[in-house]
Amino acid sequence: MELDVLKTVEWMEQTNEKMQAKKDELTTLDQPIGDGDHGINMARGFQEVVNKLNDTEYNEVSAVLKDVAMTLMSKVGGASGPLYGTAFLKISTAVKGAGTVERDLFAKALTEAVNGIKQRGKATEGEKTMIDMWSPISEAFQQASDFRPEDMMEAAQAALESVKELEATKGRAAYFKEKSVGHLDPGAVSTFYLFEALADVWKGDN
Amino acid sequence: MELDVLKTVEWMEQTNEKMQAKKDELTTLDQPIGDGDHGINMARGFQEVVNKLNDTEYNEVSAVLKDVAMTLMSKVGGASGPLYGTAFLKISTAVKGAGTVERDLFAKALTEAVNGIKQRGKATEGEKTMIDMWSPISEAFQQASDFRPEDMMEAAQAALESVKELEATKGRAAYFKEKSVGHLDPGAVSTFYLFEALADVWKGDN
Amino acid sequence: MAFVGIVLISHSSHIAEGTKELIRQVMKEVPIETAGGTDEGEIGTSIEKINAAIEQANQGEGVLLFYDIGSAKMNAEMAIEITGRDDLKLIEAPIVEGSYVAAVEAGMEKNLDEVYQSVTRSFGKKQ
Amino acid sequence: MAFVGIVLISHSSHIAEGTKELIRQVMKEVPIETAGGTDEGEIGTSIEKINAAIEQANQGEGVLLFYDIGSAKMNAEMAIEITGRDDLKLIEAPIVEGSYVAAVEAGMEKNLDEVYQSVTRSFGKKQ
Ligand SMILES: Nc1ncnc2c1ncn2[C@@H]1O[C@H](COP(=O)(O)OP(=O)(O)O)[C@@H](O)[C@H]1O
Ligand SMILES: Nc1ncnc2c1ncn2[C@@H]1O[C@H](COP(=O)(O)OP(=O)(O)O)[C@@H](O)[C@H]1O
Ligand SMILES: [Mg+2]
Ligand SMILES: [Mg+2]
Ligand SMILES: [Mg+2]
Ligand SMILES: [Mg+2]
């Protein structure tokens with residue numbers, strides 16, 4: 001894995017395409033245990049991200065990701081705005097100065113992102129939020145040095161299954177208590193797509 | 001004292017005239033420790049009362065007072081609506097069946113009114129509300145059998161003085177805590193005018 | 001399916017309507033009725049509006065009433081007494097935050113007492 | 001005379017504006033600014049709106065921020081961090097009832113900590 005400015009922009013473009021394609025799915029997931037806007041939030045947020053990136057020249061991956069963070073924070077009206085925003089801001093800070101981001105650095109940056117989300121949302125693993133996707137993916141990154149995109153997606157897939165059975169104790173879904181069990185968490189699913197887009201870009205590495 | 005239907009209507013008309021004349025004063029009193037609408041509330045409420053009474057034929061004092069109560073409840077937007085409304089409703093119930101209301105019956109009715117206000121407002125004497133006017137006036141009524149309008153107004157005047165020094169613990173003025181000391185309570189002042197109007201009608205008794 | 005109804009009594013029609021809007025995003029079916037402002041559209045509350053809202057909100061499962069400050073409570077109590085019904089409960093809880101919780105609970109088909117208890121557990125008493 | 005400012009952060013612009021209207025009836029001078037809805041006027045909150053409101057509300061005596069539910073809190077915290085100021089306090093109290101108390105306290109020229117304490121004493125914590 002080698003993220004340079006071009007690849008990072010590509011990652012965001014592919015993420016945006018997925019969010020547009022999955023807009024209704026994400027919104028539908030947010031209906032039974034939320035306010036039914038997660039797809040709208042993500043589609044708007046990443047569209048704005050892509051608009052911003054296409055309008056700007058970048059010399060550094062860190063700068064790209066900072067603009068991603070800022071755009072998501074200001075353009076997403078819901079909880080996912082500050083959460084994704086914080087995640088990207090942490091990654092941006094962690095990779096500052098690097099021309100291309102190698103796997104090890106990215107793994108470190110992901111740890112920071114997870115901590116950032118936890119802090120921002122005052123939540124931890126097992127509360128049925130996007131943390132339950134970000135955290136296992138980050139974990140997976142820390143392990144084998146021959147880590148491949150397929151391994152990442154395997155971790156993501158496994159995480160998705162287990163999120164369903166959790167009871168929400170943070171965010172809007174928490175109001176539904178035990179009724180939240182059996183539903184997917186919309187933020188975990190959008191996070192899944194974010195990393196799926198990364199896997200696609202990464203697979204094209206050479 | 002003898003309140004018949006005619007006198008009761010006259011009492012309300014005189015009260016209305018006073019409330020119209022004192023509208024600005026009552027509103028001004030409600031500004032430093034309230035929301036500045038008591039004069040507006042009273043002027044509107046009693047105007048509607050008079051409109052209602054002029055439109056209706058009555059056989060009984062009780063029926064007049066019931067309409068007074070209902071009108072005040074529905075036409076005054078603030079706390080004074082249900083409070084005055086409750087007071088008049090209690091008086092109406094207490095004098096039910098009486099063709100003319102003599103002093104003793106009225107004294108009994110006033111006790112009911114005071115209890116009604118207390119219950120409605122979950123308040124008691126000394127909390128700087130209209131209770132601190134209704135209660136001493138009612139007390140005064142219970143005593144001497146040669147009780148005259150002048151005695152009633154003396155009690156009312158004395159009450160007015162002491163209300164000023166109380167600290168509000170109920171109603172909007174309670175938010176101002178110790179800062180409420182030194183101000184008159186608007187509801188106590190409008191109650192003063194209500195009984196002043198009664199004194200005027202009563203004085204004209206024979 | 002019938003749900004516990006919710007009535008939002010506020011001195012300001014904007015507060016009542018905005019709260020309803022916030023709830024409607026998450027709960028489409030639970031009956032939410034507003035009683036905001038006086039009959040003249042000024043700041044204050046109206047017993048008639050409260051009564052009409054109660055009537056509308058009651059699907060037979062009872063109604064939970066929220067109010068904002070002080071005198072709204074007295075008008076709410078009067079309105080409840082006037083109906084003579086015993087399936088109405090006035091609650092001392094934050095109007096915006098409390099009614100949001102109540103709507104979610106009502107949507108899960110909890111009964112009036114259960115909804116009342118859930119909201120009460122979630123918040124301290126009002127001033 | 002300078003007062004502690006109040007910022008009302010709500011998912012609904014109606015809730016924020018209605019609350020301001022309720023307070024304005026009793027407190028004319030205390031700065032009250034609203035940050036209601038998203039930049040697009042939809043239900044949600046906006047860091048930019050919050051920042052603008054903070055800016056407007058600060059007369060040098062600091063600002064107390066109220067929010068309605070969940071995610072508004074995160075946006076409020078982000079906005080506060082962005083300013084880098086230490087005279088801003090986010091409070092866990094009912095947005096309507098709490099800000100009313102705060103406005104009265106601020107109008108009595110209490111300082112930021114005193115206003116914060118008064119409101120906290122009056123209400124239990126939010127959910
Ligand atoms: N406190 C929190 N900590 C971590 N993630 C959270 C928290 N609150 C919400 N989320 C995530 O945000 C997602 C909801 O995002 P979105 O629907 O855009 O915002 P909102 O709930 O404000 O409408 C949830 O599915 C969950 O993954
Ligand atoms: N809980 C209460 N018990 C008794 N009287 C009260 C109570 N609350 C308010 N009042 C009376 O009502 C008066 C205020 O009436 P008004 O200004 O018309 O209503 P609001 O305060 O709703 O604007 C106060 O001056 C006080 O005398
Ligand atoms: Mg949502
Ligand atoms: Mg939302
Ligand atoms: Mg008033
Ligand atoms: Mg008023």
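Protein chains get the first letters and strands the later ones, always in sequence-line order, with residue 1 at the start of each. Here the structure is a predicted model, which means the values were calculated and not measured.
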Handout entry: Residues of residues 37-47 of chain C contacting chain B, heavy-atom criterion under 4.5 Å, by residue number
Key = Thr38(C), Asp39(C), Glu40(C), Glu42(C), Gly44(C), Thr45(C), Ile47(C)
Practice task
Using heavy atoms and a sub-4.5 Å threshold, report which of residues 11-20 of chain C line up against chain B, by residue number.
Solution key: His11(C)
Contact class of [X] relative to chain C, heavy atoms under 4.5 angstrom:
| X | answer |
| --- | --- |
| Lys122(B) | side chain |
| Thr86(B) | side chain |
| Arg120(B) | both |

Handout entry: Nearest-0.5 Å distance, OG of residue Ser71(C) to CG of residue Asn41(B)
Key = 8.5 Å
Can you tell me if [X] has over 12 outside heavy atoms packed within less than 6.0 Å of its [atom1]?
| X | atom1 | result |
| --- | --- | --- |
| Lys110(C) | NZ | yes |
| Asn54(B) | CG | yes |
| Glu154(B) | CD | no |
| Lys49(C) | NZ | yes |
| Lys170(B) | NZ | yes |

Exercise for the section: Check whether any side-chain heavy atom of Gln119(B) lies under 4.5 Å from a side-chain heavy atom of Glu77(C), and answer yes or no. Expected result: no
Practice task
Work out which heavy atom in Met74(C) is nearest to a heavy atom in Gly121(B); give both atom names and the distance.
Solution key: SD-CA, 4.0 Å
Problem - Least distance between heavy atoms, Met73(B) atom then Asn75(C) atom - result: O-OD1, 4.5 Å
